[in-house]
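Remarks on the structure that follows.
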Amino acid sequence: MPELPEVETSLKGIEPYLLNQTLKKVEVRNPNLRWPVSQQVHTLVDANVKNMRRRGKYIILEFDAGAILVHLGMSGSLRVLSHDSPVEKHDHIDFITQDKRICLNDPRRFGCVLWSEDWSKHKLISHLGPEPLSKAFDADYLHRKAKGRNVAVKQYIMDSGIVVGVGNIYANEALFKAGIHPMRAAGNIALKRYEVLVEKIKAVLAAAIKQGGTTLRDYVGGDGKPGYFKQQLLVYGCQGKPCVSCGASLKEIRQGGRSTVYCVVCQT
DNA sequence: CTTACCGCCTGTCGGC
DNA sequence: TGCCGACAGGCGGTAA
């Protein structure tokens with residue numbers, strides 16, 4: 001499941017092949033992603049890629065006339081391939097340049113490829129909270145926004161309107177490292193504890209980005225599994241195993257349909 | 001406004 | 001061995 005570090009790694013991986021180059025066309029083999037691929041994407045011809053950036057888990061390709069927004073969903077990946085490399089199952093979209101085809105492969109099709117004339121005002125983007133690694137994301141902000149909110153802190157930090165890019169894996173890890181119980185009401189957490197939580201969120205995401213940059217060197221994206229980061233996950237997927245800190249058996253619960261794993265002793 | 005729940009998809013896994 | 005249902009999960013949309 002691509003989370004922010006994987007998206008960042010994917011962006012860095014395709015950038016050398018797209019930035020300041022001419023996108024000759026976009027070949028759409030299957031337009032039926034989460035939303036149908038925008039008509040403007042189908043008909044795009046010889047467009048210069050002026051800029052590339054990430055916002056949350058969206059990859060944004062900027063042109064003179066507008067931008068393409070790419071989301072990898074649950075299972076999407078981007079790979080840099082040559083024109084004669086075989087088309088594989090779930091290779092839905094190719095971004096065609098002189099030399100390469102940058103291919104979106106997405107088995108579950110939860111991703112999307114959309115056109116926007118002004119990406120920052122697009123409805124999928126405009127409501128997003130700050131980037132987790134930016135200065136705008138700090139304890140004061142997180143504490144202030146939580147006032148009066150009864151929602152569980154884990155769901156709170158996974159709310160993209162609060163902060164982007166904190167997915168299930170890193171939410172579990174950050175809450176463990178911060179010693180905060182995932183069910184605790186967001187509005188019932190002291191500023192001091194949010195200071196720790198913010199620090200841990202930033203640390204775990206930064207570490208994962210660093211790893212992604214080295215481990216995925218020879219291809220972009222990956223298989224959708226947290227393989228390269230897996231070895232240092234302390235709670236996610238570790239239910240029933242002993243807590244690395246106190247030895248108690250890690251407990252699994254469900255929150256909003258998602259798996260939460262935590263230590264009943266260390267997280268309060 | 002907040003919160004709870006649905007559903008989009010297919011690969012994987014456990015049970016039989 | 002093979003079938004089949006349950007499940008996973010980001011996240012927008014909708015209902016309460």
Side-chain angles (χ1 to χ4, degrees), chain A residues 1-11 28-38 54-60 69-78 88-93 104-114 116 119 121-132 142 144-175 182-189 201 205 208 221-227 229-230 233 235-240 252-261:
Chain A
M1 59 235 42
E3 300 217 34
L4 186 143
E6 290 85 339
V7 176
E8 182 73 22
T9 302
S10 295
L11 171 62
V28 182
R29 274 185 218 89
N30 185 352
N32 304 119
L33 303 182
R34 180 166 187 191
W35 296 284
V37 172
S38 298
R54 179 186 60 73
R55 179 72 178 97
K57 295 183 188 173
Y58 291 89
I59 289 172
I60 299 162
L69 313 183
V70 179
H71 196 289
L72 301 177
M74 273 294 299
S75 55
S77 63
L78 288 163
E88 293 179 15
K89 198 174 183 182
H90 307 305
D91 281 355
H92 304 312
I93 314 278
L104 173 67
N105 181 288
D106 186 3
R108 293 182 201 175
R109 288 189 273 135
F110 279 17
C112 64
V113 177
L114 299 172
S116 174
W119 65 267
K121 293 193 173 64
H122 193 278
K123 68 174 179 180
L124 296 177
I125 302 281
S126 61
H127 74 283
L128 294 177
E131 291 288 326
L142 206 53
R144 176 167 49 81
K145 293 282 273 188
K147 284 213 168 80
R149 292 199 57 175
N150 201 37
V151 68
V153 62
K154 187 195 171 212
Q155 286 158 289
Y156 176 65
I157 61 173
M158 289 177 68
D159 180 345
S160 64
I162 300 299
V163 56
V164 297
V166 182
N168 195 40
I169 295 174
Y170 301 121
N172 276 293
E173 296 299 310
L175 285 167
M183 298 263 282
R184 179 172 284 274
N188 187 27
I189 295 176
I201 289 172
L205 288 173
D223 58 6
K225 293 173 185 165
F229 196 68
K230 206 172 182 177
L233 296 177
V235 287
Y236 181 81
C238 301
Q239 57 272 24
E252 180 179 31
I253 57 172
R254 302 198 67 74
Q255 290 181 280
R258 296 178 189 85
S259 169
T260 298
V261 184

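Side chains are part of it too, since the values below use all heavy atoms of this structure and drop only hydrogens, waters and symmetry mates. Computed from a predicted model, the values in this text were never measured in an experiment. A, B, ... follow the sequence lines: proteins, then strands. Residue 1 opens every chain.
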- Residues which pass side-chain hydrogen bond (donor to acceptor under 3.5 Å, both in side chains) with Lys57(A), listed by chain and number, not counting sequence neighbours: none
- Query: Looking across every strand, which nucleic acid part, if any, lies under 4.0 Å from Asn150(A) by heavy atom: base, sugar-phosphate, or nothing?
  - Reply: sugar-phosphate
- Got a sec, which residues hit side-chain hydrogen bond (donor to acceptor under 3.5 Å, both in side chains) with Arg54(A), two or more places apart in sequence or on another chain? Glu8(A), Glu131(A)
- Query: What does Tyr156(A) touch in the nucleic acid at a heavy-atom separation under 4.0 angstrom: a base, only the sugar-phosphate, or nothing?
  - Reply: nothing
Under 3.5 Å, side-chain donor or acceptor atoms of residues 28-36 of chain A against the rest of the protein: list the pairs with distances, not counting sequence neighbours.
{"residue": "Arg29(A)", "atom": "NH1", "partner": "Asp91(A)", "partner atom": "O", "Å": "2.6"}
{"residue": "Arg29(A)", "atom": "NH2", "partner": "Asp94(A)", "partner atom": "OD2", "Å": "2.4"}
{"residue": "Asn30(A)", "atom": "OD1", "partner": "Asn32(A)", "partner atom": "N", "Å": "2.9"}

- With sequence neighbours left out, what residues match Asn150(A) under side chain to side chain contact (heavy atoms under 4.5 Å, CB included)? Ala185(A)
- Query: Could you give the CZ-to-C1' distance, from Arg109(A) to dG10(C), as a whole number of Å?
  - Reply: 16 Å
- Message: Using the ring pair (Phe, Tyr, Trp, His ring centres under 6.0 Å) criterion, which residues pair with Tyr58(A)? Sequence neighbours excluded.
- Response: His71(A)
- Message: Going by the rule side chain to side chain contact (heavy atoms under 4.5 Å, CB included), which residues pair with Pro182(A) if we only count those two or more places apart in sequence or in a different chain?
- Response: Lys154(A), Leu175(A), Gln255(A), Thr260(A), Tyr262(A), Gln267(A)
Measure all distances between protein nitrogen or oxygen atoms and nitrogen or oxygen atoms of nucleotides 13-16 of chain C, and list the pairs falling under 3.5 Å.
{"residue": "dG13(C)", "atom": "OP1", "partner": "Lys123(A)", "partner atom": "NZ", "Å": "3.2"}

- Item | Five-pair end axes of the helix from dT2(B)-dA16(C) to dC16(B)-dG2(C), angle between them (10°) | 50°
- Query: Does Val235(A) have any side chain to side chain contact (heavy atoms under 4.5 Å, CB included) partners at least two apart in sequence or in another chain, and if so, which?
  - Reply: Asn172(A), Glu173(A), Phe176(A), Leu250(A), Val261(A)
